[in-house]
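Worksheet for the structure shown next.
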Amino acid sequence: MKRTTLDLWVGIFVVAGLGALAVLALKVGNLSTYNMSESYQLQAHFSNIGGLKPQASIKSSGVLVGRVAQISLDPERYEAKVTMTIDKRYQFPKDTFANILTSGLLGEQYIGLIPGGDEAFLKAGDEIKKTQSAVVLEDLISRFLYSKAEDSKQVDKQPN
Amino acid sequence: MIVENLRFLGHRIVNAVWRMGYASRFFMLILFYSGTSFRRFHLTIRELFSSGVMSLIIILVAGTFVGMVLGLQGYETLKRYGSESALGSLVALSLVRELGPVLAALLFASRAGSAMTAEIGLMKATEQISAMEMMAINPMARVVAPRFWAGVISMPLLSALFSAMGVFGGYVVGVVLIGVDEGSFWSQMQAGVDFQHDIVNGMIKSFVFGVAVTAIALFEGYDAPPTAEGVSGATTRTVVESSLTILFLDFILTAFMFQGE
């Protein structure tokens, strides 16, 4: 069996196709940005997670340190239980604070970790005790309207 | 009059069901005889050249232009909401999930599928297929199966190339011509596109489309009446049927893959 020019062209075609797939995986997709092989899991309870989704990013000081693995409702506490996968390179103190934040005004929601000052570190399977729920826009607006109404009442009561 | 119409309708339905069964048997026979196309792989290589390599130009050019249009239109729309930086994820997600697999498959159906139908139809019309059977060569193994596997192999590769060229086209229009920030273009893209959820699912889609398009093209060619008119009709049917099948399968697959999150 001889090698032909046909083989060369087909070879170029296959290599180009696989190359395009590699470009898609590394440059377009998130395969290069985060490697799940070396990681550990943490848990946290939130009273409201807003629009947080599985695979949402977990950041500390803006650096991506992990992803949300699973979200479920805790049947005993009636709170959202969020399981997080954190990169093994990063250790966090026991009194780390977990917030649900929004990137930009209408952007995606993510979990921000603010490390505390404790000497001991969180181990795999531990729970982050200090959490703050997502800011729900409707709550903010209703609170704002309520305080406006209070203000105007006080204005009315002032002596003429 | 009514009886005649009813009879005509019944004939059409029975014929369609009959043809469906014949097509299923044909598909099973392709799978059954595909061992040869791997043992004598040079047969498949030759078909890979005529269906895959020859479709490269149209796929690359079409992908670039689709990406450029996406970049322009996406920018115009996103600008209203002040989120031009999301252009990267818009372009990449729409290409990788939908436009890459679907448009590449549509182009493949009209570029390579119609050629396959015409070729096999003409082989049948000029009695080359019967001649093979006379020489105890199984035409399913020698002619049909290599073409099938060449189509199935080249479809995901072509779709990946289409998406990659589309992202490049979107980059050229969005970043180089319009001036969206390059860093946010790529970082939003990487944040928005998930490898398993988006890229792998897109590849699965294009694999399914490859199976559907080549099976339809080969069946129509094999089933074509051995006349000039028959072959031309079969070629037309290949393009129409495979385009409709692609769009229908795309809906089904999308419903399974991306149902709510």
Side-chain angles (χ1 to χ4, degrees), chain A residues 1-37 49-59 62-71 85 101-111, chain B residues 40-42 44-56 59-60 63 81-83 85-86 88-89 91-93 95-96 100 150 153-168 170-171 186-200 202-203 260-261:
Chain A
M1 197 179 141
K2 272 196 317 195
R3 276 203 293 182
T4 58
T5 7
L6 215 77
D7 294 334
L8 175 68
W9 279 107
V10 173
I12 291 173
F13 167 58
V14 172
V15 168
L18 294 179
L21 193 60
V23 167
L24 286 181
L26 298 176
K27 188 86 184 170
V28 177
N30 58 354
L31 206 64
S32 62
T33 49
Y34 191 65
N35 189 356
M36 282 298 198
S37 59
I49 55 164
L52 194 73
K53 292 193 180 82
Q55 288 299 314
S57 42
I58 297 166
K59 293 178 178 180
V63 179
L64 187 71
V65 296
R67 293 209 177 268
V68 172
Q70 201 192 350
I71 297 172
T85 312
L101 304 168
T102 310
S103 57
L105 189 61
L106 298 166
E108 275 197 0
Q109 291 195 304
Y110 65 97
I111 295 182
Chain B
R40 299 176 65 190
F41 200 63
H42 65 273
T44 313
I45 294 267
R46 198 159 71 201
E47 298 312 324
L48 263 173
F49 181 79
S50 62
S51 61
V53 179
M54 297 306 272
S55 314
L56 265 182
I59 291 283
L60 295 182
Y81 306 101
S83 46
S85 58
S89 72
V91 169
L93 273 182
L95 276 167
V96 167
I153 293 171
S154 47
M155 195 61 255
L157 297 175
L158 288 173
S159 145
L161 280 166
F162 189 97
S163 302
M165 288 312 284
V167 169
F168 170 72
Y171 168 81
W186 291 114
S187 66
Q188 288 258 358
M189 192 187 290
Q190 294 189 343
V193 180
D194 183 63
F195 179 71
Q196 286 216 320
H197 191 240
D198 298 319
I199 298 178
V200 171
M203 287 295 112
E261 275 149 60

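In what follows, every chain begins at residue 1, and chains take the letters A, B, ... in the order their sequences are listed.
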Inset, instruction - To the nearest 0.5 angstrom, please state how far the CG atom of A:Leu21 sits from the CD1 atom of B:Ile199. - result: 7.5 Å

Legend entry - Crowding at CH2, A:Trp9 (>12 non-hydrogen neighbours, <6.0 Å): no

Inset, instruction - Answer whether the closest heavy-atom distance between the side chains of A:Phe13 and B:Leu158 falls below 4.5 Å. - result: yes

Legend entry - Closest heavy-atom pair and its distance - A:Leu24, B:Ser163: CD1-CB, 3.9 Å

Legend entry - Pairs of heavy atoms under 4.5 Å with chain A: top-ranked of B:Ala164, B:Gly52, B:Ala86, B:Ser154: B:Gly52

Inset, instruction - Counting only heavy atoms closer than 4.5 Å, note whether B:Met203 contacts chain A via side chain, backbone, both or neither. - result: side chain

Legend entry - Under 4.5 Å from any heavy atom of chain B - which part of A:Ile12: neither

Inset, instruction - Could you look at B:Ile45 and say if it's the side chain, the backbone, both or neither that has a heavy atom under 4.5 Å from chain A? - result: both

